[in-house]
Amino acid sequence: MSPAFRAMDVEPPTKGVLLEPFVHQVGGHSCVLRFNETTLCKPLVPREHQFYETLPAEMRKFTPQYKGVVSVCFDEDEDRNLCLIAYPLKGDHGTVENVDNSDCEPKSKLLRWTNKKHHVLETEKTPKDWVRQHRKEEKMKSHKLEEEFEWLKKSEVLYYSVEKKGNVSSQLKHYNPWSMKCHQQQLQRMKENAKHRNQYKFILLENLTSRYEVPCVLDLKMGTRQHGDDASEEKAANQIRKCQQSTSAVIGVRLCGMQVYQAGSGQLMFMNKYHGRKLSVQGFKEALFQFFHNGRYLRRELLGPVLKKLAELKSVLERQESYRFYSSSLLIIYDGKERPEVALDSDAEDLEDLSEESADESAGAYAFKPISTSSVDVRMIDFAHTTCRLYGEDSVVHEGQDAGYIFGLQSLIDIVTEIIEESGE
């Protein structure tokens, strides 16, 4: 059993951070949780941990910033709802570094997340006291949400209307079905192992969506091969079949998840990996086009910056020796919420009066601010099956470039270029 999955001897925790579901997770099977506004955490896998601690400097701008390791414990109430709390490790070299906790709840309160609803839990009360006090209200309000979740889990592509009143980003909390699914599965796994241990190691990573008001996220599974060198024959065969039956084998990339805000209709569109596996090459291209379309027009200003970053990443990976990024994904992220640019001689009051609705209605009357390269993010994630000769312990050592991953990047570059040309740019 690896150190990551062994009960840890740590001192009794004195300060913890309540972990929430990360609502912008659109792909993958490992649960990603929100530590604070700028930091996420996910279960520690030794190989991925090693990657983040040893990755080449020129790759860092294309991966999330690694911020350390925490110990995660869970508690269960009488309704079998769980909450997860992160604590710093005691005397461990991976103790949290460079993590800003300023936006976390004060020590007197913890934000408690259950499978059903958010609540505030006073630390003076025991979990049982709190459960008794709130159980009646919680049961009354939870039935509709549970029915909704069951429907969402069965949908491969769905549209979810978002009211225009209020802050759009604050309304995304319960709407992402994939993050809900991953979170419930993680809680269930921890619950099943409760007899053996109640402490887990999680790694802390940069929240790539934190600077966007309404993040649009595309998760792409990269490469022509997905199974690691340590995969069983059964798992390897299963991964090979998935690649052969999808666009992975043909163009070295397939859609693994997508979240897009469509300003024209005020809807969120989600697409999961099961739909992505069914796409033809033409279908993949259409999905990529849809990712950059806001329901009214194609966000052409995003395509050039994305193309530039893809070409730069390809150049970086072509210089890496021995790395194989099996089952790794590539994220493309941008803000679905555009800001209209008002004439320079406009009064301050005019700027304040420009509401969301008036901006939508007057979209043709305002010029939108040009998008800089930094406004679109391209990052590699998920390195649980990455290998390199520098690791020193792998039975298989590869030489040269990761040709499958680079092939997928070139395919993306070609498709984005086609979209640019066909859209008149």
Side-chain angles (χ1 to χ4, degrees), residues 22-27 37-38 40 58-65 168-169 172 176 205-222 253 255-264 268-271 276 284-317 328-341 363 367-382 405-406 408-425:
F22 175 55
V23 298
H24 301 305
Q25 180 181 359
V26 299
E37 183 66 26
T38 60
L40 305 176
E58 62 179 344
M59 286 187 61
R60 289 175 187 162
K61 65 182 295 184
F62 291 106
T63 62
Q65 179 190 0
V168 177
S169 59
L172 301 178
N176 188 322
L205 299 171
E206 173 188 5
N207 178 3
L208 300 173
T209 68
S210 62
R211 61 191 179 93
Y212 301 111
E213 184 174 349
V214 185
C216 294
V217 184
L218 179 66
D219 186 319
L220 301 170
K221 186 72 72 174
M222 301 299 296
V253 55
L255 191 147
C256 195
M258 184 162 72
Q259 169 182 301
V260 182
Y261 176 63
Q262 299 192 307
L268 288 165
M269 191 278 283
F270 299 101
M271 186 178 294
F284 176 86
K285 178 180 176 181
E286 292 171 357
L288 198 61
F289 179 92
Q290 189 173 18
F291 175 67
F292 292 109
H293 200 285
N294 70 358
R296 293 182 303 202
Y297 52 83
L298 181 68
R299 296 284 301 274
R300 295 183 182 90
E301 77 279 9
L302 300 169
L303 299 177
V306 167
L307 198 60
K308 181 179 179 180
K309 285 181 178 280
L310 290 174
E312 186 179 352
L313 174 58
K314 178 172 176 282
S315 178
V316 169
L317 293 189
S328 178
S329 286
L330 188 72
L331 292 186
I332 301 178
I333 311 170
Y334 70 89
D335 202 333
K337 189 69 178 295
E338 294 179 286
R339 292 298 180 187
E341 188 173 276
F368 285 92
K369 294 181 180 179
I371 301 296
S372 65
T373 303
S374 62
S375 296
V376 186
D377 217 348
V378 174
R379 304 284 188 108
M380 301 172 69
I381 61 168
D382 297 340
Y405 197 111
I406 293 173
L409 282 175
Q410 185 59 54
S411 297
L412 273 179
I413 290 171
D414 293 342
I415 292 173
V416 173
T417 300
E418 289 178 14
I419 293 176
I420 292 175
E421 293 174 348
E422 293 173 3
S423 65
E425 275 290 292

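It should be emphasised that the depicted structure is a prediction, and the values quoted were computed from it without experimental measurement. Heads up: numbering here begins at 1 and tracks the sequence.
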Original post:
Are Phe284 and Leu220 close enough, and set up right, to give a side-chain contact (heavy atoms from CB on, under 4.5 Å), and what steps lead you there?
Top reply: CA-CA 11 Å; Phe284 176 86; Leu220 301 170; 3.8 Å; yes
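Summarising the geometry of Gly336 relative to Cys216, their closest heavy-atom pair is CA-SG, 3.6 Å, with the distance given to 0.1 Å. The nearest pair of heavy atoms linking Arg379 to Pro64 is NH1-CA, 3.8 Å. Closest non-hydrogen pair, Gly264 versus Arg296, comes out as CA-CG, 3.5 Å. Closest approach of Gly304 and Ile420 over heavy atoms only: N-CD1, 4.3 Å. Residue Val260 comes nearest to His293 through the heavy atom pair CG1-O, 3.9 Å, listed as atom of the first residue, atom of the second, then distance.
Looking at residues two or more places apart in sequence or on another chain, you find a salt bridge (Lys or Arg N to Asp or Glu O under 4.0 Å) between Lys314 and Glu318. Remark: Thr417 engages Leu307, Ile413, Glu421 in a side-chain contact (heavy atoms from CB on, under 4.5 Å) (not counting sequence neighbours). Judged as a side chain to side chain donor-acceptor pair (under 3.5 Å), and not counting sequence neighbours, the contacts of Thr209 are Asn207. Applying the side-chain contact (heavy atoms from CB on, under 4.5 Å) criterion to Phe62, with sequence neighbours excluded, gives Glu312, Leu313, Val316. For Ser329, the side chain to side chain donor-acceptor pair (under 3.5 Å) test picks out Asp219, with sequence neighbours left out. Remark: Glu58 engages Arg319, Gln320 in a side chain to side chain donor-acceptor pair (under 3.5 Å) (not counting sequence neighbours).
Atom-to-atom distance recorded for Leu255:CG and Glu286:CD is 12.5 Å, nearest 0.5 angstrom. The CE atom of Met258 sits 6.5 Å away from the CG atom of Leu218 when rounded to the nearest 0.5 Å. Taken from CD in Glu422 to NZ in Lys285, the straight-line distance is 3.5 Å, to the nearest 0.5 Å. With rounding to the nearest 0.5 Å, the separation of OG in Ser210 from CD in Glu37 is 6.0 Å. Note that CG of Leu310 is 5.5 Å distant from CG of Leu412, once rounded to the nearest 0.5 Å. In this structure, the separation between CG on Leu409 and OG on Ser315 is 11.0 Å, given to the nearest 0.5 Å.
Between Val253 and Leu330 the shortest side-chain heavy-atom distance does not fall below 4.5 Å. Residues Thr38 and Arg211 fail the side-chain proximity criterion, which asks for heavy atoms closer than 4.5 Å.
Judged purely by atom type and a 3.5 angstrom limit, Asp335 uses its side chain to pair as donor or acceptor with the backbone of Glu213. Put simply, the side chain of Gln259 never gets that close to the backbone of His24: no donor and acceptor are under 3.5 Å apart. At least one donor-acceptor pair closer than 3.5 Å links the side chain of Arg300 to the backbone N or O of Ser423.
Aromatic ring orientation, Tyr334 versus Phe292: parallel (interplanar angle below 30°, classes split at 30° and 60°).
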